[in-house]
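Next up is a structure, given as C-alpha cells.
Whatever order the structure lists them in is the order used to number ligands and atoms, beginning at 1.
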Amino acid sequence: MHDLTRCVQHPVVSQEGFRSLAVPTYRASTILYEDAGSFAARGQRGFDGYTYGLHGTPTTRTLEAQLTALHNGIRTVLVPSGQMAVSLVFLTFLLPGDHVLVPDNAYGPVRSVCRDYLAPRGIRHTLYDPLIGAGIAGLIEPRTRLVWVESPGSGTMEVQDIPAIAAAARARGVLVGCDNTWCTPLLFKPLDHGCDFAVEALTKYVGGHSDLLLGSVTVRDLALRQGLKEVLRSLGIGVSPDEVALALRGIETMGLRLAHVGRVSEAFARRLQDHPAVERVLHPCLPSCPGHDVWARDIRGSGGVFSIVLKPGAEAALNPALTALKVFAIGASWGGTRSLIAPMAVQGDRSVTPWTHPGAVLRISIGLEEEGELWAELERLLDALATAGAPALA
Ligand SMILES: *Cc1c(COP(=O)(O)O)cnc(C)c1O
C-alpha cells in the first residue's frame, strides 16, 4: 500500500481485552456500510439505526439512553442547547393556526421565540399565571395544541402544580411539555406526572462545569419521538460527540453536586430572610415561596439556584458592590462549579402577573466553593447594600 493511502486508512487494532469505564467518543460524518445493498436500504434503518453522523453515534445514543432511563421515558433526542430543546417541541408540534400556553415566568428566550418567531408564522400564544393549576382548562382553546410548564419558574421560582395542569390539558387532548432544568430528573420526573415532554438544558447540572451547551427532550411515546427526529433531520440539527462526552462525564457527579448545592442553597435562603437588605427570598423550600406546598408534595429536594429581592434604596450601591465580589462571579447560565450572581430584570418580562417589587432581584447559583467563604461574601455584599440603603429606608 502506498504511503499516501496508508495515511488515510487507519490500521485496525485489536480491542480484545480492552475495557474502559469511559464511553468512547465516536466522531463521524460518514457511516460505513457492508455493501452497496445495505447502503441503498439505509433509509429503512429507522431512527434507532446508524445512517449518518448527524443523526446519532454510539456516544450520543449512550447519553440519550441514560436520560431516557432517568426520566422513565421511551426515547430522548439531543439538541445543541436547552433553548433549542424548548423550541424544537414548539416547531415540531405547532402549525399555523395553532395556539400554545406559556407561563408568564418562563425562561426569557421562550417568550421571545413565541413573540418573534411563532407569532409572525400564525402560531398564537397566551401567557398564563404560573400558579393557575387546574384553572388552565379555562384558557384552552379549540386550536390549543401545547401547554408549556417550567417549575420552579426562571428567576422568580414559583412552583407549578404540574399534575393538575397536565390532567386538565390531557382531558382536552392537549400536549404538555415541561422545562425541568432546575430539578433535573433526580428531583422531578415530568413524564411520571402527566407531561408528554421532559426538557433539560444539559448545559446546567448535567454538564456541571460551565463548558458545554446541550439540550434534551425525553418522551414516552414513540410517535412524538418520530416527529421530533423528522424535524431535526429536515433542519439538519445534530450535536457534537465531544460535547456529549463532556456531558457523559458531568452526569456521573450530578447527584453529589446537586445534593451539595441544594443543601447550601436551602441553608442560605433561610438565613438570608432575616438580613436587613433583603425584602424577600424566592426559594421553593421556604413556605413564603408561591407553590411551596406543591414543591413539598412533588419535588424531591432543591437545586442550587434561587433569588433574592432587595429592599429598594440601595440601587446606586449595587453595581460597585457586585464588581467587588471575589468568590461569586457575575454571569448568566448556572449549574457549574463556580457560584454566580446575576441581576435579573423581572418587570419587563411579565405580562399577566405584574411584578410589583420595586427592589432589584438577584439570582444566585450556588457552586462548589467552601460554604463559609461563600456565606461571608454574601453577607459582606448585603451589609454594604444595607448601609448604602439605610437613609432611604429610614
Ligand atoms: C439555561 C436555561 C435554558 C436554556 O439552556 P441553554 O443551553 O443555555 O440554551 C432553558 N431553560 C432554563 C430553565 C434554563 O435555565
Side-chain angles (χ1 to χ4, degrees), residues 63 67 71 76-91 100 102-114 116-117 127 130 148-160 162 177-188 190 195 197-218 232 237-240 242-244 246-247 250-251 254 257-258 261-262 265 282-284 291 295 299 302-307 331-336 338-346 349 361-367:
L63 182 60
L67 293 165
H71 269 303
T76 296
V77 300
L78 298 177
V79 290
S81 70
Q83 173 63 9
M84 178 82 246
V86 179
S87 54
L88 174 66
V89 176
F90 289 16
L91 295 187
V100 55
V102 177
D104 207 20
N105 59 354
Y107 177 65
V110 176
R111 299 169 70 94
S112 310
V113 75
C114 290
D116 302 332
Y117 189 88
L127 295 158
W148 198 250
V149 295
E150 180 189 325
S151 180
S154 277
T156 47
M157 310 302 294
E158 299 88 342
V159 183
Q160 296 197 261
I162 292 176
C178 175
D179 184 333
N180 196 50
T181 301
W182 188 86
C183 284
T184 82
L186 299 182
L187 301 183
F188 187 74
C195 296
F197 307 98
V199 161
E200 305 285 346
L202 306 176
T203 305
K204 308 287 172 50
Y205 285 127
V206 169
H209 295 75
S210 314
D211 57 359
L212 67 86
L213 287 150
L214 276 177
S216 64
V217 186
T218 305
L232 290 176
I237 296 168
V239 297
S240 154
D242 295 293
E243 304 279 287
V244 172
L246 289 173
I251 202 171
M254 179 170 71
R257 287 185 282 106
L258 198 61
V261 299
S265 83
L282 305 169
H283 191 306
W295 171 81
I299 301 182
S302 290
V305 176
F306 65 102
S307 299
S333 206
W334 42 265
R338 278 294 296 274
S339 292
L340 300 176
I341 289 194
M344 306 279 289
V346 178
D349 256 0
V361 180
L362 296 180
R363 185 179 64 195
I364 297 171
S365 171
I366 300 297

Exactly one of Asp116, Asp104, Asn105 clears side chain to side chain donor-acceptor pair (under 3.5 Å) with Arg111, and that residue is Asp104
Here the atoms of ligand 1 under 4.0 Å from any heavy atom belonging to Thr203 are 6 (P), 7 (O)
In this structure, which one of Leu186, Val305, Leu187 forms a side chain to side chain contact (heavy atoms under 4.5 Å, CB included) with Tyr205?
Val305
Would Gln83 and Ser81 count as having a side-chain donor-acceptor pair, cut-off 3.5 Å?
no
Numbered atoms and elements of ligand 1 in range of Gly82, under 4.0 angstrom, heavy atoms
4 (C), 5 (O), 6 (P), 7 (O), 9 (O)
How about Val86 and Tyr107: do any of their side-chain heavy atoms sit closer than 4.5 Å?
no
Looking at ligand 1, does Trp334 have a heavy atom less than 4.0 Å from it?
yes
The atoms of ligand 1 lying under 4.0 Å from a heavy atom of Ser154, numbered in the order shown, are 13 (C)
Ser216 and Ala85: which non-hydrogen atoms are nearest, and at how many Å?
O-CB, 3.7 Å
Proximity winner for atom 11 (N) of ligand 1, if only heavy atoms of Asp179, Leu202, Leu213, Thr181 are counted:
Asp179
Heavy-atom nearest neighbour of atom 1 (C) of ligand 1 within options Lys204, Glu150, Glu200
Lys204
Any side-chain heavy atom of Val199 within less than 4.5 Å of one from Val89?
yes
Nitrogen or oxygen atoms of Gln83 and ligand 1 under 3.5 Å apart
yes
